[in-house]
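We number each residue from 1, following the sequence as shown. FYI, side chains are in, hydrogens and waters are out, and symmetry mates aren't considered; it's all heavy atoms of this structure.
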Amino acid sequence: MKLALRVAAGITVVTTLGIVVALLVPSLGFFAEVPLTDFLLGDRWAPRFAEASFGVLPLVTATLWTTVISLVVAVPLGLGAAILLSEYASARLRKVLKPLLEILAGVPTVVYGFFALQFVQATVLREWLQLPTGAFSVLAAGLVMGIMIIPTIASISEDAMSAVPQALRQGSAALGANRMQTTVRVVFPAALSGIIAAVVLGVSRAVGETMIVAIAAGNQAVMVSDPLQQGQTMTGFIANAALGDSRVGSLEYDTLFAVGLLLFCITLGINAISIALVRRFREAY
């Protein structure tokens with residue numbers, strides 16, 4: 001059994017190293033021809049034009065817009081659902097609500113993408129709200145991404161809050177605090193490390209989401225300054241460009257790996273921050 005566990009752990013490490021090598025080798029060829037500063041600081045992304053430009057900032061700004069919008073939706077709704085399930089719902093109601101909430105996590109992301117394009121963008125934003133937007137927007141993609149990651153934040157946060165010892169709640173009630181005061185001032189701080197981990201996991205999922213942004217955000221790589229604009233995210237570019245149109249080994253082909261490596265580094269940085277925050281606010285009982 002120990003040998004099997006070691007093999008399982010070793011496969012995980014080898015797989016991670018394989019991903020790094022697969023991204024790094026073509027990226028080194030790309031950066032041999034395109035300076036790193038031009039890639040990271042350039043504001044024009046046109047790798048297939050006659051006058052090619054490889055500034056990745058347009059992809060980064062669109063990714064940031066969709067991620068921030070999704071967090072604005074998912075964090076309050078997810079934490080609210082977690083508080084309801086952990087502190088207010090009866091055991092019978094929790095058995096019904098939690099599976100219903102987690103059904104959202106099982107919906108294919110391509111379905112979310114068409115929902116964002118056909119309903120949120122076309123019906124809600126353009127017809128009902130009469131907003132001056134086109135066929136695509138980062139707002140529609142971000143809103144639906146927020147709905148998608150609600151179960152992730154809610155489920156992990158609810159587990160963290162349920163793990164808080166009941167004695168803390170009883171002590172707070174004995175001091176005269178009502179249920180909401182106990183939740184906000186006792187349970188929430190005690191479960192803060194788990195809640196932070198849930199939010200950061202939601203951020204990682206939003207940054208790495210592909211199908212929703214590829215379908216609903218648009219394919220125009222521009223500096224996004226308004227959520228009503230369309231924009232191409234990093235994952236959206238990879239999904240649209242990796243269709244066999246670029247010759248293997250060409251500079252255009254290597255842009256896929258350069259953007260993928262940047263996305264990997266961003267996700268790695270988010271996870272490192274998450275680990276540091278979880279260790280900082282962890283409570284042991």
Side-chain angles (χ1 to χ4, degrees), residues 64-107 109 111-112 115-116 120 124 139-209 212 227 267 270-271 273-285:
L64 289 177
W65 270 107
T66 55
T67 301
V68 170
I69 293 170
S70 67
L71 291 180
V72 169
V73 174
V75 171
L77 293 180
L79 294 183
I83 291 173
L84 172 65
L85 292 172
S86 174
E87 305 301 315
Y88 288 90
S90 63
R92 183 176 180 180
L93 182 60
R94 189 181 299 112
K95 289 181 180 179
V96 175
L97 289 181
K98 193 165 184 180
L100 289 176
L101 179 66
E102 293 178 346
I103 286 177
L104 292 174
V107 176
T109 56
V111 175
Y112 279 119
F115 173 72
V120 176
V124 176
L139 178 60
L143 291 174
V144 176
M145 280 172 57
I147 296 173
M148 181 194 68
I149 63 177
I150 285 175
T152 301
I153 296 177
S155 181
I156 298 176
S157 298
E158 191 268 335
D159 290 340
M161 297 176 71
S162 297
V164 174
Q166 194 65 26
L168 293 180
R169 298 178 176 86
Q170 295 171 348
S172 176
L175 293 173
N178 58 33
R179 182 171 292 184
M180 179 55 68
Q181 290 172 329
T182 299
T183 300
V184 174
R185 300 184 181 182
V186 177
V187 178
F188 198 88
L192 188 58
S193 62
I195 292 171
I196 291 174
V199 172
V200 174
L201 183 60
V203 173
S204 298
R205 245 204 113 172
V207 171
E209 172 54 35
I212 295 176
T267 306
I270 292 172
N271 289 335
I273 293 172
S274 171
I275 293 172
L277 291 175
V278 167
R279 290 177 177 173
R280 169 67 178 80
F281 294 103
R282 177 177 293 167
E283 298 285 347
Y285 301 101

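Minimum heavy-atom separation, Leu101 to Ala154: CD2-CB, 3.4 Å. Shown here for Val96 and Pro99, the closest heavy-atom pair between the two residues is O-CD, 3.5 Å. Here the shortest heavy-atom pairing between Ala74 and Ile150 reads CA-CG1, 3.8 Å. Among all heavy-atom pairs drawn from Ala82 and Ser157, the shortest one is CB-CB, 3.7 Å.
Looking at residues two or more places apart in sequence or on another chain, you find a side-chain contact (heavy atoms from CB on, under 4.5 Å) between Leu97 and Leu84, Leu85, Leu93. Remark: Tyr112 pairs with no residue by the ring-ring contact (aromatic ring centres under 6.0 Å, His included) rule, at least two apart or across chains. Judged as a side chain to side chain donor-acceptor pair (under 3.5 Å), and not counting sequence neighbours, Thr267 has no contacts. Scanning for side-chain contact (heavy atoms from CB on, under 4.5 Å) contacts around Arg179 gives Tyr88, Thr183, with sequence neighbours left out. With sequence neighbours left out, Ser86 forms a side chain to side chain donor-acceptor pair (under 3.5 Å) with no residue at all.
How far CD1 of Ile212 is from OG1 of Thr109: 6.0 Å, rounded to the nearest 0.5 Å. The CE atom of Met148 sits 10.5 Å away from atom CG of Leu104, with the distance rounded to the nearest 0.5 Å. Ser172 contributes atom OG, which lies 9.0 Å from atom CZ of Arg185 (distance to the nearest 0.5 angstrom). From Met145, atom CE reaches atom CD1 of Ile69 across 9.0 Å, with rounding to the nearest 0.5 Å. To the nearest 0.5 angstrom, Ile195 atom CD1 is 11.0 Å from Glu158 atom CD. Atom CD of Glu87 and atom CZ of Arg169 lie 4.0 Å apart (nearest 0.5 Å).
Gln181 places a side-chain N or O within donor-acceptor distance of the main-chain N or O of Asn178, the cut-off being under 3.5 Å. Checking side-chain atoms of Ser70 against main-chain N and O of Thr67 turns up a donor-acceptor pair under 3.5 Å. The closest donor-acceptor contact from the side chain of Ser274 to the backbone of Ile270 lies at 3.5 Å or more, if one exists at all.
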Identify all side-chain donor-acceptor contacts of residues 196-204 below 3.5 Å with residues at least two apart in sequence or on another chain.
unit_1	atom_1	unit_2	atom_2	d
Ser204	OG	Val200	O	3.2
Ser204	OG	Asn271	OD1	3.4

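For the pairing with Met161, the side-chain contact (heavy atoms from CB on, under 4.5 Å) check across Ile156, Ile83, Leu79 returns one residue only, Ile83.
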